[in-house]
Amino acid sequence: MTHVTIFVICLAGFAALALATDRAQHTALGRELPPPSTRGLRAVGWVLLLLALWRTVAAMGWGIGLVAYSGHTSAAAGVVFLALIAWGRRMGR
């Protein structure tokens, strides 16, 4: 259950960071968000990634925790990246 929790937190963090970019905002929302919202999304994204790091290290220790965190962040970033591509292609039709 720890791995699922960590992955979901990483996924939410990368989704927030992705939505903090102008290109993803245009792709997902069709418009650009105001600067305070963009800064808020960026802050939330980083806080979620730090929370996932803390949760991983607390559950597994520094040795295995950092390796697990690296794997979770890689997988979550890949899922967000592929979702943005799929969303952009779907909206392009």
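Here, residue 1 is the first one in the sequence, and each next residue gets the next number.
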* **Gln25/Arg31 under side chain to side chain contact (heavy atoms under 4.5 Å, CB included): CA gap, chis, key distance, verdict** => CA-CA 6 Å; Gln25 289 172 7; Arg31 64 183 177 88; over 6 Å; no
Run the side-chain donor-acceptor check on residues 74-85: report pairs under 3.5 Å with partners two or more places apart or on a different chain.
{"unit_1": "Ser74", "atom_1": "OG", "unit_2": "Ser70", "atom_2": "O", "d": "2.9"}

Grab the two heavy atoms, one from [X] and one from [Y], that are nearest each other, plus how far apart they are.
X	Y	result
Leu66	Leu53	CD2-CD1, 3.7 Å
Ala68	Thr56	CB-CG2, 4.0 Å
Ala20	Leu41	CB-CB, 4.0 Å
Ala52	Ile9	CB-CG2, 3.7 Å

* Asked: How far does CZ of Arg39 sit from CG of Leu33, to the nearest 0.5 angstrom?
  ->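 So the gap between those two atoms works out to 12.0 Å.
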* To do: Measure the CZ-CG distance between Arg55 and Leu50 for me, rounded to the nearest 0.5 Å.
  => 15.5 Å
Are [Y] and [X] co-members of a hydrophobic cluster defined by side-chain heavy atoms under 4.5 Å apart?
X	Y	value
Leu48	Val57	no
Leu51	Phe14	no
Leu11	Leu17	yes

* To do: Could you note down all residue pairs passing ring pair (Phe, Tyr, Trp, His ring centres under 6.0 Å) where residues 39-75 supplies at least one of them, sequence neighbours left out?
  =>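 As it turns out, the ring pair (Phe, Tyr, Trp, His ring centres under 6.0 Å) pairs with a partner in residues 39-75, which skip direct neighbours, are His3-His72.
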* To do: Please write out which residues are connected to Ile64 in a hydrophobic cluster, directly or through intermediates, given that two of Ile, Leu, Val, Met, Phe, Trp, Tyr count as joined at side-chain heavy-atom separations below 4.5 angstrom.
  => Ile6, Met60
